[in-house]
Amino acid sequence: MADEDRPKVETTHPRYNRIAMIWKKVRDVIEGEPAVLDPENVRTYLPPPPGMQPGPEQSLSDKLTNQLQTRYDFYKTFADFPEITAPMIQGIMGLVHEKPPEYHLPDKIAHLQKKATADGDSIEELWQLVTQELFYTGRIGLLADVQGGFGLEGAQMHLCQYSAETIRNWRLSQKCEGERAQMVVLGEMGMAPDPKDDFQHVEVMQYRELRMSLDGTEYWARVWVKVEDGKVEPVITPETDAEGWMRPEIFGKAFKEIPLTVINATDIGYSYGPVPAWPMAKRALAIFRKSADANRSLYIKGDPQAWVTGVSEDDIPTEIGGSSIWGLPDAEAKVGYLDIDGQGIPLQLKAIDSEYSRFYGEAGHLLESASKGAEAAEALRIRQGMKQVSVKALVKNAGAGLQEALRMVGRLSGMSDAEVETIKFDPNVNFTEGSMGYQELLFLMQAKDLAIRNGVPLSNETIHAQMRKRQLTHLTYEEELQGSTSDTDTAFGLIGRLAGEENVSESNPEGVAGTE
């Protein structure tokens with residue numbers, strides 16, 4: 001079979017290449033200036049302006065090429081890349097992971113708590129990776145696989161994580177059949193020693209093909225690698241058949257579905273969704289480009305160009321500066337400085353400020369400034385919560401996706417449907433709320449007094465629930481009451497004294513506040 005006629009496992013999905021460019025830009029922006037200024041990337045992120053690239057009728061001679069490259073290299077020095085995207089995402093990640101997730105794993109898959117992946121990551125470490133990838137690219141795949149040998153007594157299931165870029169191709173069944181994956185191709189990039197130099201490293205790409213059998217009842221897999229002539233061929237081993245296929249199984253049972261869970265920013269499935277970090281990355285790149293123009297304008301304004309006329313070529317001054325004296329033999333000669341008015345510079349700087357404002361708006365956070373003054377904690381928290389609705393949705397969906405992947409492991413491990421339903425993974429989604437201070441607790445108790453006097457019941461249990469939610473205490477209500485008997489000078493003790501005062505008289509409202 002001619003090479004051009006063979007099936008090409010390296011073929012990507014029709015929509016892959018378009019969105020893969022966005023993923024690359026996001027990762028470059030997050031990596032920062034070294035990636036953006038890399039020679040392979042810089043002309044994409046900072047295109048040469050007119051005058052630094054040949055015109056339609058110019059040929060790229062060596063001299064012209066060198067001149068244009070010199071101008072462009074000087075232009076690049078004015079560009080200032082803003083390192084704001086990665087810290088912003090890390091700040092959001094810090095809020096998301098401030099509290100650990102709550103989960104339940106039955107004994108059969110309890111080993112995933114400490115070793116959820118083949119790399120030895122715990123389930124909480126895997127959770128952090130899942131949320132990070134969803135913020136970066138809006139996509140991650142989790143493949144359930146067997147570790148310890150197929151069908152052996154010590155075999156255990158684990159999860160393999162695949163980034164957005166490595167989920168290269170797929171085909172689904174018809175909608176009426178539930179849109180189950182029938183074929184998936186995953187890319188696996190690794191490093192190997194250079195055959196010509198053992199100290200050098202070369203990137204090696206292999207492809208993992210996952211397929212359902214023709215009758216749709218069994219899952220098969222095979223691996224493809226590049227051979228010396230550049231062709232891609234399946235790997236043949238004693239564990240595979242003559243075409244490289246292997247049927248994964250555990251305890252003698254084949255898998256009835258492709259065990260890959262694809263999690264997106266807003267749903268679970270193979271269709272592409274939004275890339276959460278892309279709006280922020282676009283703003284960072286816009287600031288980068290505009291900073292080059294603004295800084296170059298400032299440089300030109302602060303360093304006017306000297307000019308001279310009416311002299312022969314031999315008499316043209318060769319030095320400039322405060323220590324240089326120009327003596328021109330011709331009385332008709334004239335000198336001066338070519339200056340620009342710089343009227344556009346304020347507009348350029350304002351445009352950069354606007355991009356920063358748009359960046360923080362895209363990030364979903366308030367842009368703090370001294371002009372705002374003090375703001376009530378509750379009002380600020382509510383407004384922040386409104387800005388972080390999409391973040392909450394992403395975290396909820398990520399938790400649902402990881403739970404689905406864990407349940408996939410449970411089903412493949414032979415658990416019953418009832419047992420699988422007990423597998424739970426609930427992430428923390430109350431990350432917009434800050435810790436409660438004692439002053440705020442005092443306000444709550446005063447609100448309790450006001451509510452009771454107006455016939456609206458507000459119990460101590462309700463106040464204590466808010467204390468736990470806002471991290472003022474980790475004790476239960478009963479434990480709080482027991483401890484308060486010996487700690488009456490604290491706010492906790494105050495709550496304990498209030499436990500017996502559900503009916504507060506109007507003549508003694510101060511009793512609610514704990515005064516005698």
Side-chain angles (χ1 to χ4, degrees), residues 96-97 100-113 115-118 121-135 137-147 156-164 166-167 170-173 175 177-184 186 208 210 212 216 219 221 248 250 253 255-274 276 391-429:
V96 170
H97 296 291
E102 297 180 358
Y103 54 88
H104 175 261
L105 303 175
D107 292 342
K108 206 161 191 176
I109 61 171
H111 63 277
L112 296 178
Q113 179 176 352
K115 190 177 181 181
T117 71
D121 296 321
S122 68
I123 190 170
E124 293 192 17
E125 290 171 333
L126 175 60
W127 168 238
Q128 292 183 14
L129 175 65
V130 168
T131 52
Q132 176 178 283
E133 284 297 302
L134 289 180
F135 277 117
T137 64
R139 192 172 181 85
I140 189 173
L142 298 175
L143 178 67
D145 202 1
V146 183
Q147 189 175 35
Q156 289 183 330
M157 300 291 299
H158 65 272
L159 293 169
C160 301
Q161 62 270 27
Y162 286 86
S163 65
T166 61
I167 308 173
W170 69 88
R171 183 166 58 249
L172 307 180
S173 59
K175 285 188 176 182
E177 299 173 354
E179 290 193 308
R180 296 176 60 195
Q182 299 298 305
M183 178 276 292
V184 179
L186 304 172
R208 188 172 298 273
L210 317 177
M212 294 301 295
Y219 157 60
I250 185 168
K253 295 182 179 179
F255 298 178
K256 297 182 180 180
E257 58 186 320
I258 294 178
L260 178 67
T261 303
V262 179
I263 311 171
N264 301 304
T266 56
D267 60 11
I268 302 170
Y270 286 85
S271 297
Y272 292 118
V391 177
K392 285 186 176 182
L394 183 147
V395 171
K396 286 182 178 180
N397 187 68
L402 183 51
Q403 177 176 279
E404 175 56 33
L406 293 171
R407 289 183 174 183
M408 175 82 73
V409 172
R411 287 193 295 271
L412 297 177
S413 299
M415 296 173 59
S416 66
D417 291 343
E419 290 176 309
V420 168
E421 287 297 316
T422 66
I423 300 174
K424 302 289 186 182
F425 191 92
D426 296 317
N428 164 50
V429 293

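Sequence positions, counted from 1, serve as the residue numbers for this chain.
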Side chain to side chain contact (heavy atoms under 4.5 Å, CB included) partners for [X], two or more places apart:
{"X": "E125", "result": "D121, S122"}
{"X": "A116", "result": "L112, I123, L126"}
{"X": "S271", "result": "none"}
{"X": "T266", "result": "P274"}

Apply ring-ring contact (aromatic ring centres under 6.0 Å, His included) to F255 and list each qualifying residue two or more places apart in sequence or on a separate chain. Y219
Treating H111 as the side-chain partner and H158 as the backbone partner, does any N or O pair qualify as donor plus acceptor under 3.5 Å? no
Within the distance-only criterion (no hydrogens, no angle test), does the side chain of K253 pair as donor or acceptor with the backbone N or O of G414 below 3.5 angstrom? no
Nearest 0.5 angstrom please: [X] [atom1] to [Y] [atom2], how far?
{"X": "Q156", "Y": "K115", "atom1": "CD", "atom2": "NZ", "value": "8.0 Å"}
{"X": "F425", "Y": "H104", "atom1": "CZ", "atom2": "NE2", "value": "14.0 Å"}
{"X": "I263", "Y": "L142", "atom1": "CD1", "atom2": "CG", "value": "4.5 Å"}
{"X": "R139", "Y": "I167", "atom1": "CZ", "atom2": "CD1", "value": "5.0 Å"}
{"X": "M212", "Y": "Q182", "atom1": "CE", "atom2": "CD", "value": "6.5 Å"}
{"X": "T166", "Y": "I140", "atom1": "OG1", "atom2": "CD1", "value": "8.5 Å"}

Considering residues at least two apart in sequence or located in another chain, which fulfil the side-chain hydrogen bond (donor to acceptor under 3.5 Å, both in side chains) criterion with [X]?
{"X": "D267", "value": "N264"}
{"X": "Y162", "value": "E188"}
{"X": "E133", "value": "R27"}
{"X": "T261", "value": "none"}

Do [X] and [Y] have side chains that get closer than 4.5 Å, going by heavy atoms?
{"X": "V96", "Y": "N428", "value": "no"}
{"X": "I423", "Y": "P106", "value": "yes"}
{"X": "T117", "Y": "Q161", "value": "yes"}

Where [X] and [Y] come nearest, the two heavy atoms and their spacing:
{"X": "L260", "Y": "M408", "answer": "N-CE, 4.3 Å"}
{"X": "A398", "Y": "V130", "answer": "CB-CG1, 4.2 Å"}
{"X": "G410", "Y": "V420", "answer": "C-CG2, 4.1 Å"}

Test M157 against V146 for side chain to side chain contact (heavy atoms under 4.5 Å, CB included), laying out the working first. CA-CA 5 Å; M157 300 291 299; V146 183; 3.6 Å; yes
Check this for me: K424, atom NZ, are more than 12 non-hydrogen atoms of other residues, nucleotides or ligands nearer than 6.0 Å? yes
Any idea how Y270 and W170 line up, ring-wise: parallel (<30°), tilted (30 to 60°), or perpendicular (>60°)? tilted
The criterion is salt bridge (Lys or Arg N to Asp or Glu O under 4.0 Å); which residues satisfy it with E419, sequence neighbours excluded? none
Under 6.0 Å between the ring centres of Y103 and W127? no
Keeping to residues at least two apart or across chains, list the salt bridge (Lys or Arg N to Asp or Glu O under 4.0 Å) pairs with something in residues 393-417. E257-R411, E404-R411, R407-E421
